[in-house]
Peer 1: 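Got a structure for you, written out below as structure tokens; questions coming shortly.
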Amino acid sequence: MANGEVKQIIESGKAVLGIEFGSTRIKAVLIDDKHNPIASGSHEWENQLVNNIWTYSIEDIWAGLQDSYQNMLDDVKNRYGAKIESLRAIGFSAMMHGYMAFGADDEILVPFRTWRNSITEEASEKLTELFQYNIPQRWSIAHLYQAILNGESHVKDICFQTTLAGYIHWKLTGRKVLGVGEASGMFPIDIETGTFNQKMVEKFDEAVADKGFSWKLLDIFPEVLSAGEDAGTLTAEGAKLLDTSGTLQAGIPLCPPEGDAGTGMVATNSVARRTGNVSAGTSVFSMVVLEKELTKVYPELDLVTTPSGDLVAMVHCNNCTSDLNVWVNIFKEFAEAFGVEVDMNRLFGTLYNKAMEGDTDGGGLLAYNYISGENITGMEEGRPLFVRTPNSKFNLANFMRVNLYTSLGALKLGMDILLKEEKVQIDKLLGHGGLFKTKGVGQQILADAMNTPISVMETAGEGGAWGIAVLAAYMVQKGVDETLGDYLDSKVFAGQEGSELSPDAEGVKGFDEFIRTYKAGLPIERAAIDSLK
């Protein structure tokens, strides 16, 4: 599409905006009426460990949102000489789960507790037993119940509890709502009704009745909406919060706010049954859309939903590329010490490709990438480790290969339950996120780890911000009774071919050997946690 046509779409208010709050980056993506990205902006940020709680400050949330939006506006101006006064629709998404509780004055009662915190083990275990349904530590209900078990004084004052995506949406529209996919990371969803499971809500209310709170759970939880439903419009106050220049007009419709898991499913066209995707960045998680309920409760498997409310098995691991990125930065520092200026994309590409020259089992090396706790292996804190025996084959290729392997180690343990014990069938599995930026490396290692062909689409590189923009477009452009799956197939991904890599037999064998060592070495990680305080 020519720049003049794009400018016309933008200035006539027909473009759609998606903004996603990731762990390390807030990204804004503007799309045209055919879902093509036409401009973007981003803001780098980082969580802070404050009083042993992983958090982002309210000030950083709004500064980051405004900066990413302003950077997108600058991109629009530089590319097309245009400015944005209105939009066809807007969507917000963010890291799922966590805990944001607000009082009667709409102010946050305690600092935002993110998904990364592993501080709710007691609540997680008790709720899983109460509901007979896996409640992971990072889920919002686990954070709420742990605060109750801890006797935290703020709990009695809660008037509203939501997630990061729900918070942004509320402040910009006045609506206390969540998309069903995001809501499924707060509390279990009843697939038949598409809202919070009423029987479990009643069990929770009964369990805390003796506390004498003035609220019941649904009094403080947001309303649940499915993809395509009306979730409110941008208020005048909200427009000024987003666009500090005051140019953006109020009245723009917003789609239900979603989580990064849901937008990842949209970005990879994996919302249909027997499809799945793997998102690999700061954290790594897989989402597989199920044909039926699992046979039993597994603490390693979360049950969430697609943005349309279909049941999804999720394997969520807190750690993926963070430790690997630190090692890459060590190589950057080394090069700079010799006076060599380093291009980070080239450095990542060089080191990732070097990994493919290594032994398929990683040469007997072992690494744990646990920057934070890892629920899959029962580690409440993180201690990144690199371990070798005197006769391990320690060279650069094996070093990089084993660090890529361990990025997927915990995921492999969870997926083996799904594929080998529950015999879940997957027709296609798509990868997206930073791990796949170097062509063919992360994709091949994931294919070998899962022993399943892996596809990567060009659009998947746009990530969740593009995914939530597509959900916003679906809300305003869908046909009567057109499902999200049909819309994605016919109007978003029609004619698009992803690159597919099949598992390599030697690679599969090598990854399995690495995983045996990974399991056997877990007591080393436990000892490091216990010994290094």
Side-chain angles (χ1 to χ4, degrees), residues 16-31 35 37 40-43 45 56 61 64-65 68-69 72 87 89-98 100 112 114-115 138 140 162-173 175 177-186 222 224-229 231-232 234 238 242 252-271 277 279 281-283 285 287 304-309 312 314 316 432-433 459-475 484 488 492:
V16 173
L17 176 66
I19 298 181
E20 180 159 284
F21 287 72
S23 299
T24 58
R25 183 172 64 159
I26 302 168
K27 186 173 182 181
V29 170
L30 195 69
I31 64 173
H35 313 97
S40 66
S42 65
H43 171 87
W45 72 335
Y56 300 87
I61 290 169
L65 174 63
S68 64
Y69 181 79
M72 183 275 296
L87 294 158
I90 303 174
F92 289 98
S93 59
M95 303 165 280
M96 289 176 70
H97 319 296
M100 299 189 84
F112 171 31
T114 77
W115 59 272
R138 67 188 176 282
S140 304
T162 190
T163 64
L164 179 55
Y167 168 65
I168 298 293
H169 186 96
W170 167 45
K171 288 298 184 181
L172 296 188
T173 66
R175 291 280 303 274
V177 300
L178 279 186
V180 64
E182 173 76 336
S184 70
M186 281 193 79
V224 182
L225 301 175
S226 291
E229 290 193 86
L234 187 67
L242 180 57
I252 301 166
L254 270 72
C255 71
E258 266 298 344
D260 50 359
T263 59
M265 284 187 268
V266 171
T268 54
N269 192 21
S270 40
V271 300
N277 77 88
S279 173
T282 303
S283 63
F285 55 83
M287 312 283 293
V304 292
T305 79
T306 69
S308 300
V312 174
M314 179 182 191
H316 185 286
H432 63 110
T459 48
E462 297 296 337
W466 181 73
I468 192 64
V470 169
L471 283 171
Y474 169 68
M475 181 184 69
L484 178 60
L488 294 176
V492 180

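Throughout, numbering of the chain's residues begins at 1 and tracks the sequence.
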Peer 1: Where do Glu20 and Gly464 come nearest, in terms of heavy atoms and distance?
Peer 2: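 Nearest heavy atoms, Glu20 then Gly464: OE2-CA, 3.3 Å.
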Peer 1: Has the side chain of Glu182 got a donor or acceptor atom that lies under 3.5 Å from a matching backbone atom of Gly179?
Peer 2: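 Checking the backbone N and O of Gly179 against the side chain of Glu182, no donor-acceptor pair under 3.5 Å is found.
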Peer 1: Mind checking what makes side-chain contact (heavy atoms from CB on, under 4.5 Å) contact with Ser140, not counting sequence neighbours?
Peer 2: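 side-chain contact (heavy atoms from CB on, under 4.5 Å) list for Ser140, sorted by chain: Gln161, Thr163, Met186.
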Peer 1: Between Ala261 and Met287, what is the shortest heavy-atom contact and its length?
Peer 2: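 Residues Ala261 and Met287, closest heavy atoms: CB-CE, 3.6 Å.
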Peer 1: I need the minimum non-hydrogen distance between Lys27 and Ser40, along with the two atoms involved.
Peer 2: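 Heavy atoms of Lys27 and Ser40 come nearest at CE-CB, 4.4 Å.
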Peer 1: My understanding is that only residues two or more places apart in sequence, or in another chain, count here; which of them pass side-chain contact (heavy atoms from CB on, under 4.5 Å) with Thr282?
Peer 2: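 Once residues adjacent in sequence are excluded, the partners of Thr282 under the side-chain contact (heavy atoms from CB on, under 4.5 Å) criterion are Ser23, Thr24, Ser322.
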Peer 1: What is the distance from atom OG of Ser226 to atom CE of Met475, rounded to the nearest 0.5 Å?
Peer 2: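 Ser226 atom OG to Met475 atom CE measures 13.5 Å (nearest 0.5 Å).
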Peer 1: With sequence neighbours left out, write down each residue that passes ring-ring contact (aromatic ring centres under 6.0 Å, His included) with Tyr56, or none if nothing qualifies.
Peer 2: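 For Tyr56 the ring-ring contact (aromatic ring centres under 6.0 Å, His included) partners, ignoring immediate neighbours, are Trp45.
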Peer 1: Could you check Ile168, Thr173, Leu172, Val177 and say which one makes a side-chain contact (heavy atoms from CB on, under 4.5 Å) with Pro257?
Peer 2: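 Result for side-chain contact (heavy atoms from CB on, under 4.5 Å) with Pro257: Val177.
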Peer 1: Under 4.5 Å between any side-chain heavy atoms of Arg175 and Leu225, yes or no?
Peer 2: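 Result yes, sub-4.5 Å side-chain heavy-atom pair found.
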Peer 1: Please report the interatomic distance CZ(Phe92) to NE2(His169), rounded to the nearest 0.5 Å.
Peer 2: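 Phe92 CZ to His169 NE2: 9.0 Å, rounded to 0.5 Å.
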Peer 1: List the atom of Val180, the atom of Gly309, and the distance in Å for their closest heavy-atom pair.
Peer 2: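 Smallest heavy-atom distance, with atoms named: CG1-N, 3.6 Å.
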Peer 1: Nearest 0.5 angstrom please: Ile19 CD1 to Ile26 CD1, how far?
Peer 2: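 That separation rounds to 9.0 Å.
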Peer 1: Side-chain contact, heavy-atom cut-off 4.5 Å: Leu164 with Thr114?
Peer 2: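 Heavy-atom side-chain distance check fails, nothing below 4.5 Å.
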Peer 1: Look up atom CD1 in Ile90 and atom CG in Leu242, then write down how far apart they are to the nearest 0.5 Å.
Peer 2: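 So the CD1 of Ile90 and the CG of Leu242 are separated by 6.0 Å.
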Peer 1: Apply ring-ring contact (aromatic ring centres under 6.0 Å, His included) to Tyr69 and list each qualifying residue two or more places apart in sequence or on a separate chain.
Peer 2: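 Not a single residue meets the ring-ring contact (aromatic ring centres under 6.0 Å, His included) criterion with Tyr69.
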Peer 1: Under the ring-ring contact (aromatic ring centres under 6.0 Å, His included) rule, collect the residues that match up with His35, sequence neighbours excluded.
Peer 2: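 Result, ring-ring contact (aromatic ring centres under 6.0 Å, His included) vs His35: Tyr487.
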Peer 1: Does the side-chain contact (heavy atoms from CB on, under 4.5 Å) test come out yes or no for Leu488 and Val266, once each step is laid out?
Peer 2: CA-CA 8 Å; Leu488 294 176; Val266 171; 4.0 Å; yes
Peer 1: How many angstroms lie between atom CZ of Arg138 and atom OG of Ser283, to the nearest 0.5 angstrom?
Peer 2: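 It comes to 8.5 Å.
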Peer 1: Before you tell me yes or no, could you show the steps for Tyr474 and Val492 under side-chain contact (heavy atoms from CB on, under 4.5 Å), namely the whole-Å CA-CA distance, both residues' side-chain angles and the distance that decides it to 0.1 Å?
Peer 2: CA-CA 10 Å; Tyr474 169 68; Val492 180; over 6 Å; no
Peer 1: Using the side chain to side chain donor-acceptor pair (under 3.5 Å) criterion, which residues pair with Ser279? Sequence neighbours excluded.
Peer 2: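 Checked Ser279 against side chain to side chain donor-acceptor pair (under 3.5 Å); zero matches.
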Peer 1: Run the side chain to side chain donor-acceptor pair (under 3.5 Å) test against Asn277 and tell me which residues pass, sequence neighbours left out.
Peer 2: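 Checked Asn277 against side chain to side chain donor-acceptor pair (under 3.5 Å); matches are Ser270, His432.
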Peer 1: For Ala28 and Met72, work out which heavy atoms get closest and say how close.
Peer 2: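 Taking Ala28 first and Met72 second, the nearest heavy atoms are CB-CB, 4.1 Å.
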Peer 1: If you apply the rule side-chain contact (heavy atoms from CB on, under 4.5 Å), what do you find for Met100 with Ile61, and how did you get there?
Peer 2: CA-CA 13 Å; Met100 299 189 84; Ile61 290 169; 4.2 Å; yes
Peer 1: Over 60° means perpendicular and under 30° means parallel, so tell me whether Trp115 and His316 are parallel, tilted or perpendicular.
Peer 2: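 Perpendicular, since the angle between the ring planes exceeds 60°.
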Peer 1: Suppose we screen for side-chain contact (heavy atoms from CB on, under 4.5 Å). Which residues come up paired with Ser308, at least two apart in sequence or across chains?
Peer 2: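 Expected list: Ala227, Thr306, Leu484.
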Peer 1: Could you work out, with side-chain contact (heavy atoms from CB on, under 4.5 Å) as the rule, every residue matching Ala183, not counting sequence neighbours?
Peer 2: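 If we apply the side-chain contact (heavy atoms from CB on, under 4.5 Å) test to Ala183, skipping adjacent residues, the hits are Leu178, Ile189, Phe196, Val224.
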Peer 1: Please report the closest heavy-atom contact between Leu17 and Ala469, naming both atoms and the distance.
Peer 2: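 Here Leu17 and Ala469 meet closest at C-CB, 4.1 Å.
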Peer 1: How long is the gap from CG on Leu87 to CD1 on Ile252, to the nearest 0.5 Å?
Peer 2: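 With rounding to 0.5 Å, CG (Leu87) is 4.5 Å from CD1 (Ile252).
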